[in-house]
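Heavy atoms only: backbone and side chains are in, while hydrogens, waters and symmetry mates are out.
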Amino acid sequence: MMSTTWGQSNTPETLGTVDCGEFFPALDADKFRRLYRIPVELPGEVVLEQLRLGAAAAIASLESWRRGRAEATLAEVPQREIGGTGVLVMFFERACFCLAKAELLRETVTVDRRPQAENAAKSGAETEEKYREFAADALSRICGVPIMEVDLL
């Protein structure tokens, strides 16, 4: 594994996958880094650790739903496919990625801050909270429960 230092711009190291157990699919850490614009300067161990923690939180949120499933893996749960991938699998990945991104924003807010407020939109508290909302939405979609219901009075 290549060592990096804060502020150095290197070619991104290959991070590999994060194993999520037998039921849930492994997560592609390199895909996470690309899609969620994780800075190359951030050490790979930090990225992997936050991705593992994001997966752990998502799996914990889905535990009671998973216990009610007869299927051996999430991919085997009946679901629509888009581009050859099941939508529940895509929502699981999104939940994990968003939770990890939110934690990385929290952890790096004081380290990556450039001149006053330049990165506010990228790493502010509102952005972190938005990623947590995205994760909650993805988890609720897996369980088939609307994240918010509105009733007429």
Side-chain angles (χ1 to χ4, degrees), residues 1-4 6 12-113 119-151:
M1 191 173 270
M2 181 173 71
S3 175
T4 58
W6 286 102
E13 60 191 297
T14 300
L15 300 176
T17 60
V18 171
D19 181 21
C20 294
E22 293 179 16
F23 185 80
F24 294 101
L27 299 169
D28 183 339
D30 297 305
K31 179 180 179 181
F32 169 59
R33 180 172 251 167
R34 278 189 323 274
L35 294 181
Y36 286 78
R37 296 179 309 224
I38 307 303
V40 174
E41 301 84 16
L42 201 57
E45 304 94 70
V46 174
V47 175
L48 286 168
E49 183 62 16
Q50 293 306 331
L51 192 50
R52 282 190 287 268
L53 290 170
I59 290 168
S61 294
L62 294 169
E63 191 57 38
S64 62
W65 174 83
R66 187 193 68 77
R67 277 195 301 264
R69 308 300 319 174
E71 297 84 6
T73 68
L74 182 61
E76 294 173 2
V77 175
Q79 59 194 284
R80 291 184 181 183
E81 287 191 5
I82 298 176
T85 304
V87 294
L88 298 180
V89 172
M90 292 188 319
F91 284 132
F92 174 73
E93 182 179 83
R94 178 162 173 79
C96 295
F97 286 0
C98 286
L99 289 168
K101 174 74 174 189
E103 286 302 318
L104 284 169
L105 287 169
R106 174 183 290 176
E107 185 172 302
T108 61
V109 71
T110 58
V111 178
D112 72 349
R113 188 64 54 153
N119 280 336
K122 291 182 183 176
S123 60
E126 299 83 19
T127 305
E128 175 191 336
E129 192 54 41
K130 192 50 95 175
Y131 278 104
R132 293 189 190 287
E133 288 175 23
F134 293 154
D137 177 65
L139 293 168
S140 70
R141 288 175 185 271
I142 292 171
C143 297
V145 177
I147 194 162
M148 182 182 346
E149 291 185 16
V150 178
D151 294 323

> Could you go through the side chain to side chain contact (heavy atoms under 4.5 Å, CB included) check for Cys20 and Phe92 one step at a time?
CA-CA 11 Å; Cys20 294; Phe92 174 73; 4.2 Å; yes

> Roughly how far, to the nearest 0.5 Å, is the CE atom of Met90 from the CD1 atom of Ile142?
10.5 Å

> Any non-hydrogen side-chain atom of Thr73 less than 4.5 Å from a side-chain atom of Glu76?
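Yes. Closest side-chain heavy atoms under 4.5 Å.
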
> Looking at Val77, is its backbone amide N or carbonyl O close enough to the side chain of Gln79 to form a donor-acceptor pair, meaning the two atoms are under 3.5 Å apart?
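Here the side-chain-to-backbone pair exists.
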
> Thr17 and Ala26: which non-hydrogen atoms are nearest, and at how many Å?
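The answer is CB-CB, 4.3 Å.
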
> Contact between Leu99 and Tyr131 at the side-chain level, heavy atoms closer than 4.5 Å - yes or no?
no

> Is any side-chain heavy atom of Pro78 less than 4.5 Å from a side-chain heavy atom of Glu71?
yes

> At what distance, to the nearest 0.5 angstrom, does SG of Cys96 lie from CG of Asp28?
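Answer rounded to 0.5 Å: 12.5 Å.
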
> Is it the case that the side chain of Asp30 and the backbone of Thr14 share a donor-acceptor pair, with hydrogens and angles ignored and the cut-off at 3.5 Å?
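Judged by distance alone, no pair lies under 3.5 Å.
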
> Say you draw a straight line from OH of Tyr36 to CZ of Phe134; how long is it, rounded to the nearest 0.5 Å?
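Output value for this atom pair is 8.5 Å.
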
> Grab the two heavy atoms, one from Pro25 and one from Val89, that are nearest each other, plus how far apart they are.
CG-CG1, 4.0 Å

> Nearest 0.5 Å, what's the CZ-CG distance between Phe24 and Leu74?
6.0 Å

> Do the side chains of Asp137 and Arg141 get close enough for a salt bridge, i.e. N-O under 4.0 angstrom?
yes

> Decide yes or no for Leu48 and Glu45: does some side-chain heavy atom of the first lie under 4.5 Å from some side-chain heavy atom of the second?
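Counting from C-beta outward, Leu48 and Glu45 never come under 4.5 Å.
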
> Main chain of Val87, side chain of Glu81: is a donor-acceptor contact present, judged purely on distance under 3.5 Å?
no

> Counting C-beta onward and ignoring hydrogens, is there a side-chain heavy-atom pair between Phe32 and Lys101 closer than 4.5 Å?
yes

> For a 4.5 angstrom cut-off between non-hydrogen side-chain atoms, does Glu93 reach Leu27?
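Yes. Closest side-chain heavy atoms under 4.5 Å.
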
> Heavy atoms, side chains only, cut-off 4.5 Å: are Leu104 and Val46 in contact?
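In short, these two side chains touch, coming nearer than 4.5 Å.
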
> How long is the straight-line distance from CG of Leu139 back to SG of Cys98, given to the nearest 0.5 Å?
9.5 Å

> Please list every donor-acceptor pair under 3.5 Å in which a side-chain atom of residues 55-65 meets a protein atom from a residue at least two apart or in another chain.
unit_1, atom_1, unit_2, atom_2, d
Ser61, OG, Ala57, O, 3.1
Glu63, OE2, Arg66, NH2, 3.0

> Are the charged groups of Glu103 and Arg132 less than 4.0 angstrom apart, N to O?
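Salt bridge flag = yes for Arg132 with Glu103.
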
> What are the two closest heavy atoms between Arg52 and Val18, and how far apart are they?
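For Arg52 versus Val18, the nearest heavy atoms are CG-CG1, 3.6 Å.
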
